[in-house]
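Single-structure report; data block below.
Order of the sequence lines fixes the chain letters, A, B, ..., with proteins taken first and strands second; residue numbering starts at 1 for each chain. All heavy atoms count here, side chains included; hydrogens, waters and symmetry mates do not.
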Amino acid sequence: MAERERSLTPPLGGVFVARAQVMDGEDLRRAITRIAHEIVERNHGLDNVVLVGLQTGGVPLAYRLAEELLAIEGVDVAVGTLDVAFYRDDIGLRPVLPEAVTEVPVDLAGRTVVLIDDVLFTGRTVRAALNALADYGRAKAVQLAVMIDRGHRELPIRPDFVGKNLPTRRDEMVDVTPDGVTLGDVVPTK
Amino acid sequence: MTATRNLLSVADLGADGIDEVLKLTDSFVEVSQRDIARVPALRGKTVVSLFYEDSTRTRLSFETAARRLSADTMTFSVSTSSVKKGESLKDTIQTIDAMGVDAIVVRHRCSGVPWQVARWSTSAVINAGDGWHEHPTQALLDCYTIRQRLGGVAGKHIAIVGDIKHSRVARSGMIAFTALGADVTLVAPHTLLPPSLDGWPAAVSTDLDAVLPKVDVVYLLRLQNERMTEALLPSAREYTARYGLTRARAATLAEGAIVMHPGPMNRGVEIAAEVADEPYAVITQQVANGVAVRQAVLFLLLGAGGPIAA
């Protein structure tokens with residue numbers, strides 16, 4: 001699954017060509033375990049914590065984190081999924097369509113929301129997600145967990161929990177799957 | 001990419017385009033259930049509703065849809081406009097266009113007007129009903145409602161009952177239902193069928209009682225009272241006796257079948273008052289879905305950055 005920051009993707013699409021594996025499946029598992037512990041530590045437990053995965057890359061990570069939190073603390077945290085297509089600031093500039101229906105199973109008022117995405121890049125997806133969350137109620141706090149922070153931020157956004165900091169060029173692409181993380185390039189199909 | 005994107009006929013969409021609209025509608029149905037049922041997707045866009053024919057639900061539905069996408073809306077109603085002073089359609093369109101609007105939602109009593117408007121305007125044009133011809137967003141919301149209630153449109157048997165001849169809802173509905181793989185039967189007296197049905201992908205029957213037990217969807221059309229003057233029917237009571245969905249007829253419906261109506265209903269004519277309030281009558285659900293479907297259409301035309309299933 002390619003990361004969702006598509007601003008560098010050619011308008012008519014491209015093919016992801018892998019160049020180097022950055023993390024394997026085991027590395028990914030260890031990073032998820034560590035982030036889960038950090039979430040528990042930061043929030044002094046899991047009272048009122050809700051995980052919200054961003055469509056599409058953040059959703060499987062959110063469910064894996066929820067499993068991990070159940071194993072560590074014995075608490076079954078609520079998991080939601082959020083698609084930010086309608087909140088993006090580049091609507092009309094390039095094709096923007098929701099990947100899936102948003103599902104937030106609990107009222108967010110007074111809860112601590114941990115937003116989860118696979119790759120943090122410009123920060124624009126997270127900006128859109130913060131606006132979307134506000135429409136579901138006033139969360140007590142919002143934290144951000146990402147598997148890969150690849151830099152190149154265009155907005156003042158900083159993750160609370162990071163799997164791996166990965167310096168990249170702007171035109172590179174990062175692909176996160178359950179089998180690991182790969183760095184590569186997008187080759188236009190045309 | 002084509003310069004302007006319009007929704008004029010449901011036939012332009014094809015099965016893929018209809019699927020795309022329905023899929024996106026799911027997202028807007030979810031949005032409608034939130035505390036704040038509004039998203040900023042079309043902020044800064046302006047949608048004009050240009051209605052040369054009376055309408056409440058379609059116009060309100062489009063305007064609600066536009067507002068829920070944070071677009072600005074303007075209403076043009078013929079009775080208070082310069083049309084009363086004799087302004088031509090072309091001048092009206094050019095005036096509206098000069099104001100820099102992004103979409104024009106047009107309804108007109110003459111078939112084909114939306115195509116003419118699209119030629120004159122640089123905005124996206126949406127057909128909200130042209131004469132006896134087409135009403136694409138109605139067909140889309142009907143497809144969505146059927147999918148929601150019956151799990152899909154493909155393979156379903158749909159009877160469209162009533163004034164087929166004068167009905168744009170019947171035409172657009174038939175095109176959309178058959179595009180998605182449904183079987184359509186048109187049920188009406190001969191006087192309310194078009195003179196020729198060549199090329200229509202539908203079966204025809206004049207016997208509602210024979211068709212009813214075999215269908216998954218009964219789609220009732222409004223008996224347009226203004227047509228009674230044309231002496232196409234002996235009387236409304238005569239019509240009800242043969243083609244009205246009375247309580248007795250509704251009892252012959254198959255298990256799980258649903259009853260639809262585009263509104264406004266003539267209770268007691270094409271549908272018995274109590275039948276319209278049964279749980280298998282999904283008429284208010286159609287209206288509710290109408291807003292979400294129109295949000296999907298507006299978003300695809302103005303926001304998604306690409307034509308609907310080119």
Side-chain angles (χ1 to χ4, degrees), chain A residues 4-14 50 52-56 59 79-111 113 124-139 155 190, chain B residues 1-5 16-17 19-47 65-71 102-103 123-124 144 147-148 289 291-292 294-310:
Chain A
R4 303 211 52 228
E5 294 297 341
R6 290 164 291 189
S7 57
L8 298 171
T9 318
L12 294 170
V50 185
V52 174
L54 295 182
Q55 294 285 7
T56 53
V59 172
V79 179
T81 62
L82 186 63
D83 192 291
V84 301
F86 303 137
Y87 295 83
R88 297 198 65 94
D89 55 10
D90 47 4
I91 284 173
L93 299 180
R94 62 193 174 89
V96 172
L97 278 178
E99 310 265 349
V101 175
T102 291
E103 197 180 339
V104 177
V106 291
D107 184 6
L108 298 184
R111 301 264 198 156
V113 177
R124 287 179 191 269
T125 304
V126 174
R127 196 281 309 161
L130 290 170
N131 284 19
L133 280 183
D135 287 353
Y136 284 93
R138 183 184 185 276
L155 294 167
K190 246 187 5 166
Chain B
M1 195 188 297
T2 51
T4 318
R5 301 182 294 271
D16 290 347
D19 271 338
E20 188 175 3
V21 174
L22 301 191
K23 183 164 171 275
L24 184 57
T25 303
D26 281 334
S27 291
F28 284 110
V29 167
E30 184 276 325
V31 169
S32 73
Q33 289 156 359
R34 299 182 191 173
D35 286 353
I36 299 169
R38 171 186 278 224
V39 293
L42 297 185
R43 216 168 32 166
K45 305 278 188 190
T46 305
V47 177
R67 290 197 182 134
R68 286 191 177 171
L69 290 164
S70 302
D102 299 284
S123 319
Y144 188 80
R147 207 188 64 168
Q148 200 177 41
N289 289 335
V291 176
R294 289 174 176 117
Q295 280 180 278
V297 168
L298 286 168
F299 184 78
L300 283 168
L301 292 177
L302 299 182
I308 305 181

- [ ] List the steps, then state whether side-chain contact (heavy atoms from CB on, under 4.5 Å) holds for B:Arg34 with A:Val104.
- [x] CA-CA 9 Å; B:Arg34 299 182 191 173; A:Val104 177; over 6 Å; no
Rounded to the nearest 0.5 Å, the OG atom of B:Ser70 sits from the CZ atom of A:Phe86 at a distance of 12.0 Å
By salt bridge (charged side-chain N to carboxylate O under 4.0 Å, His left out), A:Arg111 pairs with (sequence neighbours left out) none
Checked A:Asp89, A:Val101, A:Asn131 vs chain B; the most non-hydrogen pairs under 4.5 Å come from A:Val101
d(B:Asp26 CG, A:Thr102 OG1) to nearest 0.5 Å is 11.5 Å
Cut-off 4.5 Å, heavy atoms of chain A, and the answer for B:Val31 is side chain
Pairs of donor and acceptor atoms involving the side chains of residues 38-47 of chain B, under 3.5 Å and at least two apart or interchain, shall be tabulated with distances.
from, atom 1, to, atom 2, distance (Å)
B:Arg38, NE, B:Arg67, O, 3.3
B:Arg38, NH2, B:Arg67, O, 3.3

So, the part of A:Ala134 with a heavy atom under 4.5 Å from chain B: the answer is backbone
Output for pair (B:Leu24 CG, A:Leu97 CG), nearest 0.5 Å, gives 6.0 Å
When rounded to the nearest 0.5 Å, the distance separating CD of A:Glu103 from CD of B:Gln33 is 10.5 Å
Smallest heavy-atom separation, A:Glu99 atom then B:Lys23 atom, equals O-NZ, 4.3 Å
When rounded to the nearest 0.5 Å, the distance separating OG1 of A:Thr81 from CD of B:Glu30 is 8.0 Å
